[in-house]
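Scroll down for the structure; my scribbles are underneath it.
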Amino acid sequence: MSELVEFTKAGGIAVVTINNPPVNALSPGVPEGIAEAIEQINDDATVKAAVLIGAGRTFVSGADIKEFDKIRSGEASGTMSFPDLLTQIENCKKPVVMAIHGNALGGGLELAMAGHYRVAATNAQVGQPEVKLGIIPGAHGTQRLPRLAGVAKALAMCVEGKPILALEALKFGIVDRLIEGDLLSGAISFAREIAGRPIPKTRDRTEKLGTPEESATIFAAALETARKKQRGMLAPLAAIDAVEAATKLPFDEGCQLERKLFMECLLSDQSKALIHVFFGEREVAKIPDVPKDTPTIAVNRAAVVGAGTMGGGIAMVFANAGIPVLLKEADQAALDRGMANIQKNYAVSVARGRFTQQFVDERLKLIQPAISYDGFANVDMVIEAVFEGMALKKQIFSELDPVCKPDAILASNTSTLNIDEIAAATSRPEFVIGTHFFSPANVMRLLEIVRGKQTSKQVIATSMQLSKKLGKIGVLVGNCRGFVGNRMFHPYVRESVFLVEEGASVEAVDNALYDFGMAMGPLAVGDLAGLDVGWRIRKEYRHLEKPGIRQAFAGDRLCEMGRFGQKTGAGWYKYDEQRRTTPDPEVEQLVRRWSAEEKISQRNISADEIVDRCVYALVNEGARILEEGFASRAVDIDIIYINGYGFPAYRGGPMWYADTVGLKRVYDRIRQFQEQHGEIWEPAPLLKYLAEEGKTFAEFTRGQGAIAEQPENSANSLFRARVLGRKYL
Ligand code: 3HC
Ligand code: NAI
């Protein structure tokens, strides 16, 4: 028997244990091992029934996702087809009880449903999350789940991909019994109970499939919802078709259609991109020069300074994770305002059913308002979120330094300022780090963790670990202006404004990028965040601008008119009291007039050009960031853009998208833009190099070194020597 599957007997009950840590994925060897066990069960007259269980922390978390590339290229190493195994299990002559703990996901749930009974630990979860990888269940899941759970529930699970808890699975007939206490002994007792009874097969059940008339409205509604909520994604639509097949075709034919759709999805660019994102979200936690076993500091108590938009949200994030947090403001009035905002935000969550009132009451007790540093001596980490201004930040850090424990981490939520300069205001620069939350902090998943020149590895490891505890995706970035996300966002927004100045309407620019898959168009984002934010920053940094380089002006002129966006009822668009958006013909007229004054010739601009201009501006800046070593890998940039800037996950992030288009094509297009628009479009040397070598960003970064502690760190100079040295110097 395969090493990954163990076979034992307990009385007349066979126990088959899958042991493929960490998540018991169905890697090559696992299906083969189970098939052998089933043969043995069939052949052994002393076996009356069987239990199949997972070793370690979980049942089976699905197909081995690493194998998908091999399936695509026809090089899969397993010798057994997983769907065939499921048929073999269902046809077993003795009843097979699937015992679920941890997760039964994807192929894991498909395996469970091919068994004759399912029992589950009370905290187990089951689901068909394949759509999140751009595929659909590929081993009868779309055919068996509606037979067990009914069409509506199966559709929801296969289309949205969200797992459900054991109790709900019991309610819907996906599992037959919940087991309190030891799962294996409970499952064995259950197996003894049902041994000798007629063996039920899921495939034969039709009572929950309904009639085509009954189901028609369910499918129509699912289609409408998927088109809206999973805009641009192909897999949810394929999942709907596959579940619909279960209601119209005999089981085997339904399975064939499912397989066809599964393979189409698997071969799609969307599934390649989403699988890149799945592994990317795990990869970003691995910092090349900060080993996994780096010691960390326990963060049991925290403090936040500044209870404004960000500080209040950050305090909620800590409280939601069960970490008590002090929230300090400059004065009582500001503190009261901050606490009132927190209460209001929690009330919205309760009204939307996200949290219960009891949960919120408990969380609120964890947030302790303060107007002095009393209690700061006991905290393990402080996050500063006061106004953006170097002098104020330095003052706060110099106040924190003497009152906090020597090994307390002092973090800044700054979005633009130099972490090293802030750290220099303390006697412990190695304990200073940037933790750049995104707004609203209690909702957005991204956390850019900014490494200063002297930030210690222990502090980096602690911050990365903490991000997971806080329910965030932490990505380590280097200390450059705007860090990774905002540094790239700047040229992206610049191009969107240029396009308007060159003749595109505000809606045409936003619609093109929305249709590309962005959560919102860049101009609408500006209105939401406040156009004045960028305007103030541009004014502050105007002295750094190179003379003779084209600058976008339309956004700044709107600000000069008091049009700051949603908060003033007008920006690129107009807003009513409920902040509903309408295009504003006045903006169109103004921009045309300003452009004429600036002698910018007007033309029709296609949606394709809008997308290329804006997205390639991201890519070109991303390439510079990589080249300079401010991101560890291209995938880090992708994860930042998907989780912090609404870039469509099904395109894999900007760098992956560029790889998909082909870097030579991207480079050629950027060269065209350079000819038309000048120096701002100079291609990044790394992009030029990779395009000429026929390589990808993903290839370049694989196995590369550490993130920049400062512009010229080892990885960076290594790159310069290796790439720039050979090609350009
Ligand atoms: N295949 C290969 N590797 C997997 C995997 C899978 N299905 N699931 C998890 N892993 C790997 C992770 O990459 C990670 O590797 P690393 O330590 O080298 O980074 C390791 O296992 C542990 O995973 P997590 O860090 O994610 O562990 P958590 O405990 O946080 O989460 C989990 C566990 C909920 C199971 C989560 O890993 C998960 O959601 N996995 C994917 C589940 C899934 O999508 N299943 C469907 C697969 S497609 C399928 O089954 C097709 C079928 O219809 C034929
Ligand atoms: P804000 O203006 O909403 O809040 C700042 C708060 O700091 C105010 O409530 C103010 O009273 C308080 N404060 C000022 N001096 C203080 C002192 N000495 N002690 C205690 N509190 C003091 O600002 P916001 O938007 O929350 O920004 C805070 C920081 O977060 C800034 O550095 C900003 O750049 C950054 N940031 C902002 C984002 C956003 O979208 N608003 C996103 C990411 C980062």
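In listed order, ligands and their atoms are each counted from 1. Excluded from the calculations below are hydrogen atoms, water molecules and symmetry mates; all remaining heavy atoms, backbone and side chain alike, are included.
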When you look for heavy atoms under 4.0 Å from ligand 2, do you find them on the side chain of [X], its backbone, both, or neither?
{"X": "His436", "result": "side chain"}
{"X": "Lys393", "result": "side chain"}
{"X": "Phe438", "result": "neither"}
{"X": "Asp331", "result": "neither"}

Within the 4.0 Å heavy-atom shell around [X], which atoms of ligand 1 are there?
{"X": "Pro129", "result": "43 (C), 44 (O), 45 (N)"}
{"X": "Asn103", "result": "34 (C), 35 (C)"}
{"X": "Leu133", "result": "44 (O), 47 (C), 48 (S)"}
{"X": "Phe279", "result": "13 (O)"}
{"X": "Gly62", "result": "50 (O)"}
{"X": "Pro137", "result": "53 (O)"}
{"X": "Glu130", "result": "48 (S), 49 (C), 50 (O), 51 (C), 52 (C), 53 (O)"}

Test item: [X] and [Y] side chains (from C-beta on) under 4.5 Å apart, heavy atoms:
{"X": "Val243", "Y": "Glu258", "value": "no"}
{"X": "Val159", "Y": "Leu237", "value": "no"}
{"X": "Met390", "Y": "Thr414", "value": "no"}
{"X": "Lys393", "Y": "Ile396", "value": "no"}

Under 3.5 Å, is there a donor-acceptor pair linking the side chains of Ser27 and Asn20? yes

Is the distance between the ring centroids of Tyr645 and Phe489 under 6.0 Å? yes

Check whether the ring centres of Phe438 and His436 lie less than 6.0 Å apart, and answer yes or no. yes

[X] neighbourhood, listing ligand 2 atoms whose heavy-atom distance to it stays under 4.0 Å:
{"X": "Val305", "result": "19 (N), 20 (C)"}
{"X": "Ser415", "result": "33 (C), 34 (O), 35 (C), 36 (N), 44 (C)"}
{"X": "Phe387", "result": "2 (O), 5 (C), 7 (O), 8 (C), 10 (C), 14 (C)"}
{"X": "Thr414", "result": "32 (O)"}
{"X": "Thr309", "result": "3 (O), 25 (O), 26 (O)"}
{"X": "Gly308", "result": "3 (O), 4 (O), 6 (C), 9 (O), 26 (O)"}

Determine, stepwise, if the pair Thr435 / Ile314 fulfils side chain to side chain contact (heavy atoms under 4.5 Å, CB included). CA-CA 10 Å; Thr435 47; Ile314 297 167; over 6 Å; no

For Tyr346 and Asn341, run side-chain hydrogen bond (donor to acceptor under 3.5 Å, both in side chains): C-alpha distance rounded to whole Å, both residues' side-chain angles, the deciding distance at 0.1 Å, then the answer. CA-CA 9 Å; Tyr346 271 132; Asn341 272 335; over 6 Å; no

Option nearest [atom] (shortest heavy-atom distance, choices [options]):
{"atom": "atom 20 (C) of ligand 2", "options": "Gly313, Ala330, Ala333", "value": "Ala330"}
{"atom": "atom 6 (C) of ligand 1", "options": "Ala63, Ser27, Gly127", "value": "Ala63"}
{"atom": "atom 37 (C) of ligand 2", "options": "Met444, Glu388, Glu448, Met310", "value": "Met310"}
{"atom": "atom 28 (C) of ligand 2", "options": "Val386, Ile537, Asn413", "value": "Val386"}
{"atom": "atom 17 (O) of ligand 1", "options": "Gln128, Lys286, Lys66, Arg282", "value": "Lys286"}
{"atom": "atom 6 (C) of ligand 2", "options": "Lys328, Glu329, Gln395, Glu399", "value": "Glu329"}

For ligand 1, is any non-hydrogen atom under 4.0 Å from [X]'s backbone (N, CA, C, O), its side chain (CB onward), both, or neither?
{"X": "Ser61", "value": "both"}
{"X": "Leu26", "value": "neither"}
{"X": "Glu110", "value": "side chain"}
{"X": "Ile65", "value": "both"}

With rounding to the nearest 0.5 Å, note down the distance linking CD in Glu75 to CZ in Arg72. 12.5 Å

Between Asp532 and Lys567, does any NZ, NE, NH1 or NH2 come within less than 4.0 Å of an OD or OE carboxylate oxygen? yes

Residue pair Lys469 / Ala321: nearest heavy atoms and the distance that separates them: O-CB, 3.6 Å

Quick check: does Ile136 get an N/O under 3.5 Å from an N/O on ligand 1? no

Close approach of Gly338 to ligand 2, heavy atoms, under 4.0 angstrom: no

How far is atom 2 (C) of ligand 1 from its nearest protein heavy atom, and which residue and atom is that? Asp64 OD1, 3.3 Å

